[in-house]
Number of protein chains: 2
Amino acid sequence: MNKNIFSQIYNDYTQQIEAGTLKPGVKLPSENELTEHYSTSRETVRKALHLLSQNGYIHKMRGKGSFVLDMNRMEFPVSGLVSFKELSQRLGRTARTLVYEVSLIPCPQHIARQLQVQEKEPVWKVVRAREIEDEKVILDKDYFLASVIPSLTQDIASESIYEYLEGELALKIAYAKKEISVEQVTAEDKLLLDLKRDTHVVVVRNYVHLEDTTLFEYTESRHRLDKFQFVEFARRMPNEE
Amino acid sequence: MNKNIFSQIYNDYTQQIEAGTLKPGVKLPSENELTEHYSTSRETVRKALHLLSQNGYIHKMRGKGSFVLDMNRMEFPVSGLVSFKELSQRLGRTARTLVYEVSLIPCPQHIARQLQVQEKEPVWKVVRAREIEDEKVILDKDYFLASVIPSLTQDIASESIYEYLEGELALKIAYAKKEISVEQVTAEDKLLLDLKRDTHVVVVRNYVHLEDTTLFEYTESRHRLDKFQFVEFARRMPNEE
DNA sequence: TAGTGGTCTAGACCACCCG
DNA sequence: GGGTGGTCTAGACCACTAA
């Protein structure tokens, strides 16, 4: 429903490529042809193609044209900045969310450091397990600044918090820094997840910022080793210097 | 040494931000001011600023300006498509490479599947350990199509293979798909790495393509759990549909 | 209201690929 | 030589922010 011409073009092609209507290796119409087809200017077409290229949908070759890439798009899980609900919808898996806790608390010290905020500053703490095929394999611990999010309920937490933030509260989520590492399991992990004899979990730390750059959310996502996967598309940057 | 105006501007600012000359929160000159300063057009300035924004250096705010972000740039390790040599230079750590094997072999079956090539097709196999602070913590197993890389030596493998490919052979590396997961340690891991009682390693699979989209390299990077970290910067995409 | 970034246009010239 | 994408220009109008 975006009215920008360039995102129209972008969406047209992401949809066709994801649906398989456009198969890997196929050549896209040239920029001049697209310019005419969408009755727009070439720079606008190029903006859309650049986005497609950045996101691994196509590859552009000077003198030849733009070609659809084969990136096994099915398995793009944790990549980017996407909520669990959006993910499970895209994957179409049998996924369920269990809400353990939704509470307004004074910020504990170790979280205050992550959120760069005063200790005792009120924050929402949300603890949820993600169940895939009847096993609790991900433990999500979210902390939101209460100054940004006045209210939060168990119902919202069992659906999509992001949907609520962007829809109801009209918050503009802009960017995040994500850190992936592997750490020892905690007593809490053992209690709230279906772990076997695991000694470690994958920890994804997420620092999420709004449009005005305020850091408003810190999330710790703890994944069972065997269910963790991360896929990324990267382009080689020309040498700096 | 890039003569494009937009990458001039991009490099000017990445350097200043990485060096700390420009501190987080500082406002950049407006696009109009930059246009004048670099005697160029506004769209060219915007191209550079867009790149800076994509890579987490700045954040643009309509009506306000562009601002330097604080992304603890020190710890950007495995992100993007960067060779180990480039990484260790940037980190300035005491890093060393041990070459275990450089050999031209007929492609084994399980690798042929990864490289999407006929079994027995000749490939270069390179096995190296990466030592950080006197511990072998990463095992890199690379497979290159011999049809693309006619020759390869132990000397090259102990330096930077990418430098050789891009410098000597003038290969144009374009993009890669990267998969991160956690797997059981193998006998080979135990033999070639300094593992303790570890039962698992982080496995980063890399499928690297050239400008003409040929898949020419498959790399399996096996990291000791406690030394693995991955940091990513992500921007929220506006809703598709 | 003046200044900012977001989108778009209609051109231009270039480097590259291929028949 | 004709077609492709890569870079750049000099404008335009819009949406948003701040004083």
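Order of the sequence lines fixes the chain letters, A, B, ..., with proteins taken first and strands second; residue numbering starts at 1 for each chain. Values below: every heavy atom of this structure, side chains too, minus hydrogens, waters and symmetry copies.
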Which parts of nucleotides 5-14 of chain C does protein reach within less than 4.0 Å, heavy atoms only, written one letter per nucleotide 5' to 3' as B for base, S for sugar-phosphate only and - for none?
BBBBBB-B--
Give the rounded distance in Å between these two atoms: CD of B/E211 and P of D/dG5.
14 Å
Salt-bridge present (B/R236, A/E166; N to O < 4.0 Å):
yes
Please determine whether a side-chain nitrogen of the Lys or Arg among A/R42 and A/E31 lies less than 4.0 Å from a carboxylate oxygen of the Asp or Glu.
yes
Could you measure the distance from the NE2 atom of A/H209 to the NZ atom of A/K177? Nearest 0.5 Å is fine.
8.5 Å
Quick one: OG1 on B/T44 to OH on B/Y38, what's the gap to the nearest 0.5 Å?
12.5 Å
Examine distances only and state if a side-chain atom of A/W124 and a backbone atom of A/I149 form a donor-acceptor pair shorter than 3.5 Å.
yes
Below 4.0 angstrom, N of the basic side chain to O of the carboxylate: do B/R130 and B/D140 qualify?
yes
A/H59 NE2 - C/dC16 P separation (whole Å)
15 Å
Centres of the A/Y13 and A/Y57 rings: under 6.0 Å?
no
Helix axis bend for the helix from C/dT1-D/dA18 to C/dC18-D/dG1 - C1'-based end axes, five pairs, 10° rounding:
10°
Can the ring centres of A/F233 and B/Y175 be said to be less than 6.0 Å apart?
yes
A/L52 has an atom CG; how far is it from atom C1' of D/dG5, in whole Å?
15 Å
